[in-house]
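Structure first, then comments.
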Protein chains: 2
Amino acid sequence: MTAPTTADSRTIAAVRHFTRFFTRRIGVLRRRLYASPFSLVEARVLYEIANRPGTSAGEVARDLGLDPGQLSRTLEGLVRRGLVRRRRAAADARRHALTATPRGVAAFAALDRASREEVAALLASLDADGRDRLAASLAAAERLLEPARLSAGEFVLRPHAIGDMGMITAAQARLYAREYGWNGEFEALVAEIAAKFIREFDPAREHCWIVERRGEIAGSIFLVKESESVAKIRLVYLESWARGAGLGRRMLDECLAFAHDKGYAKVVLWTNDCLVDARRLYERAGFVLVRSEAHHSFGKDLVGQYWSLDLAAR
Amino acid sequence: MTAPTTADSRTIAAVRHFTRFFTRRIGVLRRRLYASPFSLVEARVLYEIANRPGTSAGEVARDLGLDPGQLSRTLEGLVRRGLVRRRRAAADARRHALTATPRGVAAFAALDRASREEVAALLASLDADGRDRLAASLAAAERLLEPARLSAGEFVLRPHAIGDMGMITAAQARLYAREYGWNGEFEALVAEIAAKFIREFDPAREHCWIVERRGEIAGSIFLVKESESVAKIRLVYLESWARGAGLGRRMLDECLAFAHDKGYAKVVLWTNDCLVDARRLYERAGFVLVRSEAHHSFGKDLVGQYWSLDLAAR
DNA sequence: ATAATTATTTGACTATGTCAAGTATCAGTC
DNA sequence: GACTGATACTTGACATAGTCAAATAATTAT
């Protein structure tokens, strides 16, 4: 689909560079583990079993990428030391149900604590900003290297903080440029709305929700005061990788509950007809289309839509 | 200094999660390597030697985190197969200078190509946006996990693209909040300036330079038209981790050369007296302080400074 | 000249990872 | 209810990787 470009080779170089870096780093982490009575493999296996009691050998082997034979012997050692119990599974006698014994659980807890302390030492020199950035970077890298269906539980909604407006501006500008070909004019508009929000923010009647997954921003929704009785929803977006987990619904629900709570009689919003998913969301929440209007913005011919929801009717 | 907080434990969890993820991933990459006639360690050693001819065993061992004994044997194997030449170093006869033979270079090139292709396959499903983000995330993670003095050569100056204004807004807001305690008002101001820049951008007489390292934004400087003969520098900043490599100088030089080239007679800028490093930079470039003015902004009592440079005098 | 230090090698391990062949069980089929 | 092909795990036989301590040789410091 996408032809190989220089951007490609830059990313390849980045991944390879990081792999070398991390291999070296993991080598260090690995060595330290030997202060405990466990080898790295034993520790990893114990981790899996402690966190997923009743799992089978095959499952552990697949998840850790271990050879079944190697795992079989590793398990034997753990069983011999009284850390793991291996029982025939009731449903399928080929399988062995694996559980950690109380001693195994204690050993795992000690390992877990040691590992946490080790990482904490590694992060000691970072300030809060650096730590946030690191967490977000690692989460993003992981997500990009291994796309997986993300569960709704991983996402949190939180109020805005310093730096969020800029991040949202960048994210929305890139998202709509990628998906609809909108130009920089849109980024300017978002920046203006965001700036206005900061300047005129009334915490008593307005709110911004940032959707976040492991420190990485995944979306946003704003509720601002249009008049005493009318609230307006603004800057709604959700990254493509965060879609399909019911987040749009959750954001909108949260926002409408707030609006209702603050005594607004009506909620309005402006969007464009090409944003099909968003429109469906508004419809389902009870919004009705008030007016449509063709306009030329962001380098495209668009149709703007004004939607409205009567809160009293709910 | 900083007390352990929940943010800490979140980052620790993020690092551990990523480590598990990457260990599994590397396990996969590692296995594939066996299609070649080299073991992982041999490949890594060959990589080092091919990229740094004349290096010594100790150096390789340190950089790869290998045991000297292990390395000694690995080298023996490579020498036996005619891939590496081991000679007594002229300066120090304890040392062995290591160089790849032509056969070794060829073998390395094949490995290198295979590795690149493998990573390319891993990235095949990502679009340009995802690739950029991945590269930037990995670079940031690496930088944060292992702070090191960065060389000027790693940074590039490029013109702005979609999303950059938002990123710069976020970065500046966070930087000045962290270092000087400025509040959201500053973020609003930056967003407004950035929006105005996009809306009124005149490529013929204005420019924005983004400083970037491996896809991660490290700073910016803007030159905008104040009048036909007067240009104004705006939104100058440099991340703390990018300082000390002479980048400030490089950015300003680039910017002033552009201003001169476009025929401006004068360049002006506004800053605050607490930004000591920036002030020194302007002074050294020949700017003179025109006027100072106390003001209360961004939640602090500040002293604004107006600087000016006569380009004709240069 | 002697002692301490540094770079590398060697010996004797243990741990890790690989591959193929083997055993027991299961699910479906005639 | 015996046969067939999968599946879950084990075992044997190795090759590679990593550890630790002692040995060798050259260099630097005193």
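All figures in this text were calculated on a predicted structure; none of them were measured in a lab. Sequence lines set the chain letters: A, B, ... in the order given, protein chains first and strands last, and positions in each chain run from 1.
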- Whole angstrom value for the distance that separates C1' of D:dT11 from CG of A:Asp67: 12 Å
- Query: Going by the side-chain hydrogen bond (donor to acceptor under 3.5 Å, both in side chains) test, which pairs reach into residues 91-100 of chain A, not counting sequence neighbours?
  - Reply: A:Arg88-A:His96, A:Asp92-A:Arg94
- Can you tell me the distance, in whole Å, between the CG atom of A:Leu71 and the P atom of C:dC19? 17 Å
- Could you give the CZ-to-C1' distance, from A:Arg95 to D:dT10, as a whole number of Å? 17 Å
- Item | Electrostatic pair B:Arg20-A:Asp63, nearest N-O below 4.0 angstrom | no
Give me the distances for all protein-to-nucleotides 22-29 of chain D N/O pairs that come in under 3.5 Å?
residue, atom, partner, partner atom, Å
D:dT27, OP1, B:Ala93, N, 3.1

- Query: Using the ring of each side chain (for Trp, its six-membered ring), is B:Phe18 parallel, tilted or perpendicular to B:Phe21, with breaks at 30° and 60°?
  - Reply: tilted
- Here the distance between atom P of C:dA15 and atom CD of A:Glu76, to the nearest Å, is 14 Å
- Check whether any side-chain N or O of B:Ser39 sits under 4.0 Å from OP1 or OP2 of D:dA17, and answer yes or no. yes
- Message: Under 4.0 Å from OP1 or OP2 of C:dA7: is there any side-chain N or O of B:Arg86 that close?
- Response: no
- Item | Lys/Arg-Asp/Glu bridge criterion (N-O < 4.0 Å) met for B:Arg174, A:Asp132 | no
- Message: Heavy-atom count check: over 12 atoms from other residues, nucleotides or ligands less than 6.0 Å from A:Arg178 CZ?
- Response: yes
- Item | Any residue meeting side-chain hydrogen bond (donor to acceptor under 3.5 Å, both in side chains) with B:Asn51, in chain and number order, not counting sequence neighbours | none
- Item | Separation of D:dG18 P from B:Leu64 CG (nearest whole Å) | 10 Å
- Message: Does A:Gly58 reach a base, just sugar-phosphate, or nothing at all? Heavy atoms under 4.0 Å.
- Response: sugar-phosphate
- Query: Ignoring hydrogens and angles, are the base of C:dG11 and the side chain of B:Arg73 linked by a donor-acceptor pair under 3.5 Å?
  - Reply: yes
- Message: So, OP1 or OP2 of C:dT16: does either fall under 4.0 Å of a side-chain N or O from A:Gln70?
- Response: no
- Query: So what does A:Thr74 touch, heavy atoms closer than 4.0 Å: a base, only the sugar-phosphate, or nothing?
  - Reply: nothing
- Atom CZ in A:Arg214, atom CD in A:Glu142: separation rounded to 0.5 Å? 5.5 Å
